[in-house]
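Everything below concerns the one structure shown next.
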Amino acid sequence: MTPPRRQPAPRRTAALRREAVLAAVPVAVAALLGAAGPTAAGTPGASGAGDPYFPLSGNGGYHVRHYGLTLRYDTSSRHLDGRAVLTARATQNLSRFDLDLTGLKVTGVTADGRSAVFRRDGQELVVTPRHTLVAGRDFRITVTYEGTPKPVTDPDGSADGWIPTDDGAFVAGEPQGAMTWFPANAHPRDKSSYDITITVPQGRTAVANGVLLGQRTAHGRTTFRWRETQPMAAYLATATVGKFKVEQYTTPDGIRVYNAVDPREASGAAPVLKKLPSVLRWESELFGPYPFRSAGAIVDHANVGYALETQTRPLYDSAPDLSTLVHESAHQWFGDSVSLTAWKDIWLNEGFATYAEWLYAEQHGGDSAQKAFDALYARPASDHLWAFPAGDPGSGKNIFDTPVYARGAMTLHELRKAVGDHDFFRILRAWTAAHGGGHGTTAQFQRLAEQISGKRLDGLFHTWLFTKGKPKNA
Ligand code: TRP
Ligand code: ZN
């Protein structure tokens, strides 16, 4: 429960729909002027999605509908060969646009099948197609690249992205690491479907998101083909490689489970992984139907210091305890299905996943959520818990810090007390039903809670999320 945690603690979104509507306007105007088509004037897409915490994450001017990634990783040389085929839709007339990619060597870029001019500028891969990309139309970008991927160091000092291990790689992209292994529109505002095909030396397993379509061994290498059809933020993609024991089954609810476990963690992981179907069923009752068709876990043996809620298949750096499994599973609803539009709203991920841990304990013979709340509230005003408000962490350095997790969960507990259990759980289910597959903001969550409860909650949200220091009365 104390983060950063070792074991810590196909709908488009409203925003994107709005962009699509706006995008349609210039097309119509251009058509009237007879200027539509490849000769239309365009402007460059922005180099970032406009997030002050990570100004260069994501890009402007287009939405990626689908990523087709074909990767080959040599675990002994640590060399990665990649080919990324992006199907994207322009949201403005684009003279050029950026992708996020760091390290690695780009050997070619095509736009709609024709070679495009590109240059590197820090973490931006700047692509200039031969012709303007027209607002509202789809285009296809192919990037071929290679090299030795290296993780990025986040503002809080942790490593994220492609992290080499003794038998492969632990691939975790939150908040910035997707760009270490594929060219992306790497901000959670942009969600896409993925096909990830990974070839590794025979004997290693490569695990990504969604369903395993097939696996084939030839000439000493095995290729794994994965598909995630549900919209996914780039940071939730993985292509983790290692020597894994694999277990596959389908739950009575029809969820396809794929677990990959490092043998060194197998005995520790087994009793916890056995509970995954019952945890998902319990969470479905509380949060609404499980948002995806597949599930599972990747339990690696790596010194990373945190787990990640990779979509459909959370990634653990060692055998998780039950409360960590509950936490990462809860993120499938809160974070993965309902996604952030800005990193400052991170409590919508971490506060909710932490509160799921409290609820699980409460309903399974452990401490009540009230007791967990009280223990935290007893901490003095000087405690780090009160260092900054959960709803406004201030910078990317703070997004995985205690106030976000713990005070975020305390906020939900205060909400529950204010509206009562019945409305509280209705709010959680209405939230996932209304925003699942897309995005949600703190303001939208407050409004929904007010609508369902019929209560004014601005004081509560203001106090618990946005006021500096320890709130006076709980
Ligand atoms: N979101 C992860 C969790 O389940 C934590 C996490 C992801 C993290 N990336 C990180 C923590 C980087 C610290 C640093 O809580
Ligand atoms: Zn979390």
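Every number for a ligand or one of its atoms is a count from 1 in the order of the listing. These values consider heavy atoms only, across backbone and side chains, with no hydrogens, waters or symmetry-generated copies. Numbering of residues begins at 1 and proceeds along the displayed sequence.
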Margin query: Would D156 count as a contact residue for ligand 1, given that I'm defining contact as a non-hydrogen atom of the residue lying under 4.0 Å from a ligand atom?
Written below: yes
Residues 239-246 side chain polar contacts: donor-acceptor under 3.5 Å, at least two apart:
unit_1, atom_1, unit_2, atom_2, d
T240, OG1, V171, N, 3.1
T240, OG1, T238, OG1, 2.7

Notebook entry, point to check: Just wondering, are more than 12 heavy atoms of other shown residues or ligands nearer than 6.0 Å to NZ in K455?
Noted result: yes
Using a strict 4.0 Å cut-off to heavy atoms of [X], name the atoms of ligand 1 that fall inside it.
| X | value |
| --- | --- |
| H331 | 3 (C), 4 (O) |
| E309 | 1 (N), 2 (C), 3 (C), 4 (O) |
| E350 | 1 (N), 2 (C), 3 (C), 15 (O) |
| E328 | 3 (C), 4 (O) |
| S158 | 12 (C), 14 (C) |

When the ring centroid of [X] is compared with that of [Y], is the distance short of 6.0 Å?
| X | Y | result |
| --- | --- | --- |
| Y355 | Y360 | no |
| W226 | Y258 | yes |
| F287 | F425 | no |

Next item on the list: May I ask which of F400, Y316, Y405 has a heavy atom nearer to atom 15 (O) of ligand 1 than the others do?
Entry: Y405
Margin query: Run the salt bridge (Lys or Arg N to Asp or Glu O under 4.0 Å) test against D374 and tell me which residues pass, sequence neighbours left out.
Written below: none
Check: N/O of H327 under 3.5 Å from N/O of ligand 1, yes or no?
Finding: yes
Notebook entry, point to check: So, is Y306 polar-close to ligand 1, with some N/O to N/O distance under 3.5 Å?
Noted result: no
Next item on the list: Indicate, as side chain, backbone, both or neither, the part of A307 found under 4.0 angstrom from ligand 1 when only non-hydrogen atoms are considered.
Entry: backbone
Check: Without hydrogens or angle criteria, can the side chains of S323 and E357 be said to hold a donor-acceptor pair below 3.5 Å?
Finding: yes
Notebook entry, point to check: Going by atom types only, do K150 and T180 share a side-chain donor-acceptor pair under 3.5 Å?
Noted result: no
Notebook entry, point to check: By atom name, which N, O or S atom of H331 is the nearest to the Zn ion (ligand 2)?
Noted result: NE2
Margin query: Among the N, O or S atoms of E350, which one sits nearest to the Zn ion (ligand 2)?
Written below: OE1
